[in-house]
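What you are looking at is a predicted structure, and each value in this text was computed from that prediction instead of being measured.
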Amino acid sequence: MQFLAFPPLDCSRPRLSRLGAVLLAFALCAFLSACKVPLYSGLSEQEANNMLGKLLEYDIDATKQADKDNYITLLVDEAQFGQAVDLLKSFGLPRPQFETIGKVFTGDGLVTSPVKEWARLNFALSQELSKMVSSIPGVVSAEVHIANPRKTTPFDEVPPPSASVLAIVNRSAVTAELVPRIRQLVAHSIENVQYEKVGVVVLPLDPPPPPTIEFVSLGGVAIRKGGEERAVLLAGGIAVFSLVLGAAAALSVGTYLRSRRKERVG
């Protein structure tokens, strides 16, 4: 029995190059019409995973992409961009970036006044406490403000320091122990601040309800509602790709048969 060995595809031939270029360009244009756009960039791996999980939980088409510095960019379907922004905002994502004491007191080589150093210290403490309170389970975001007046003359009557906390908390996490825990945490972190001098305001947050998945029939196939255009584009891309492969195979077979005829004639 004799087997026919087909030669490898010669993509350098003009006819195949022109045909393949046209078909591939058509397929590329079809897929680019449903491309993803950047939503947030410069994210850490943990933060990106938290945000991606929420997006996927609410049926938003999203992916993540790492750059050369290992920072993550979240990508979403262009048609769902506004929905994705509103959803993440309702969950307090991305989390605010707080300054650390090390960053606030980075040496700049300039002589600063005692008042400025005092203000920088209070700001740094506020940032550290805001980050600490935000890490409590169920707290979406938190801001801590410290009122710590300073004597300007020896005869000043300085009121005792105090602190105020504004916390946005998931309603399911609002318990009777939450406010006392926050007050105790802040009071023990600031010098000379009494427990009674810490004011806490809690704003409950109701997350959006989970999406209801609806299906529609497209050509006898059940497809999730809102994904009809994407399904058509995907089917078109597969069809174009099949045409490219078929045309390449046909040209390869034709080239082989012509070369065999030349050999026989010769």
Side-chain angles (χ1 to χ4, degrees), residues 40 42-51 53-54 57 71 85-209:
Y40 288 102
L43 303 172
S44 65
E45 184 75 24
Q46 180 179 0
E47 189 174 28
N49 288 339
N50 291 337
M51 296 170 67
K54 287 298 180 184
E57 180 183 349
Y71 287 109
V85 172
D86 292 339
L87 176 66
L88 293 179
K89 184 178 179 181
S90 67
F91 284 101
L93 297 172
R95 295 275 184 155
Q97 299 296 319
F98 299 106
E99 296 290 339
T100 63
I101 291 181
K103 289 184 178 180
V104 173
F105 284 93
T106 300
D108 52 11
L110 300 176
V111 178
T112 58
S113 65
V115 175
K116 183 177 179 180
E117 290 297 319
W118 184 259
R120 291 172 69 180
L121 175 61
N122 287 329
F123 173 75
L125 289 175
S126 298
Q127 291 288 290
E128 292 281 357
L129 287 173
S130 298
K131 182 178 180 180
M132 192 180 301
V133 176
S134 298
S135 64
I136 296 176
V139 177
V140 176
S141 64
E143 293 185 15
V144 179
H145 177 73
I146 300 174
N148 194 7
R150 184 173 180 271
K151 271 191 175 185
T152 56
T153 67
F155 305 101
D156 286 343
E157 288 285 342
V158 180
S162 60
S164 58
V165 182
L166 175 62
I168 300 177
V169 185
N170 289 327
R171 188 175 296 276
S172 59
V174 179
T175 61
E177 297 82 12
L178 179 63
V179 171
R181 287 177 180 174
I182 294 176
R183 296 178 70 180
Q184 185 178 24
L185 177 66
V186 174
H188 289 176
S189 303
I190 306 174
E191 186 178 5
N192 298 327
V193 172
Q194 301 298 322
Y195 179 87
E196 296 76 13
K197 291 294 183 179
V198 178
V200 179
V201 175
V202 174
L203 299 180
L205 176 67
D206 293 314

Do the side chains of V198 and I190 get nearer than 4.5 Å, heavy atoms only? no
To the nearest 0.5 Å, how far apart are CE in M51 and CG in L93? 6.0 Å
Can you tell me if Y71 has over 12 outside heavy atoms packed within less than 6.0 Å of its OH? no
Could you check if a side-chain atom of V133 sits within less than 4.5 angstrom of a side-chain atom of V144, using non-hydrogen atoms only? yes
Considering residues at least two apart in sequence or located in another chain, which fulfil the side chain to side chain contact (heavy atoms under 4.5 Å, CB included) criterion with S90? L87, P208
N49: side chain to side chain donor-acceptor pair (under 3.5 Å) partners, not counting sequence neighbours: K64
Side chain to side chain contact (heavy atoms under 4.5 Å, CB included) for L129 and I146? Distances and angles first, verdict last. CA-CA 10 Å; L129 287 173; I146 300 174; 4.2 Å; yes
For V140 versus G92, what's the shortest heavy-atom pair and its separation? CG1-CA, 3.2 Å
Here the salt bridge (charged side-chain N to carboxylate O under 4.0 Å, His left out) pairs for residues 86-95, sequence neighbours left out, are none
Sorted by chain and number, sequence neighbours left out, salt bridge (charged side-chain N to carboxylate O under 4.0 Å, His left out) with K197 holds for none
Distance from H145 atom NE2 to L166 atom CG, nearest 0.5 Å? 12.5 Å
E143 meets the side chain to side chain contact (heavy atoms under 4.5 Å, CB included) criterion, sequence neighbours left out, with none
I need the minimum non-hydrogen distance between A142 and S134, along with the two atoms involved. N-OG, 3.2 Å
So, for P94 and L43, which heavy atoms are closest and what is the spacing to 0.1 Å? CB-CD2, 4.4 Å
Full working for salt bridge (charged side-chain N to carboxylate O under 4.0 Å, His left out) between E57 and K54: CA-CA 5 Å; E57 180 183 349; K54 287 298 180 184; 3.8 Å; yes
Answer yes or no: is there a side-chain heavy-atom contact under 4.5 Å between N148 and W118? yes
Using side chain to side chain contact (heavy atoms under 4.5 Å, CB included) as the criterion, list what pairs up with N50, not counting sequence neighbours. Q46
Tell me every residue that passes side chain to side chain contact (heavy atoms under 4.5 Å, CB included) with S141, counting only those two or more places apart in sequence or in another chain. I168
Roughly how far, to the nearest 0.5 Å, is OG of S126 from NZ of K131? 15.0 Å
Can you name the closest pair of heavy atoms from P204 and V174 and give their distance? CB-CG2, 4.4 Å
V186 side chain reached by V165 side chain, heavy atoms, under 4.5 Å: yes
Taking salt bridge (charged side-chain N to carboxylate O under 4.0 Å, His left out) as the cut-off, I'd like each qualifying pair that reaches into residues 170-192, sequence neighbours left out, listed once. R171-D206
Heavy-atom side-chain proximity of L178 to V169 below 4.5 angstrom: yes
Across all chains, not counting sequence neighbours, the ring-ring contact (aromatic ring centres under 6.0 Å, His included) partners of Y40 are none
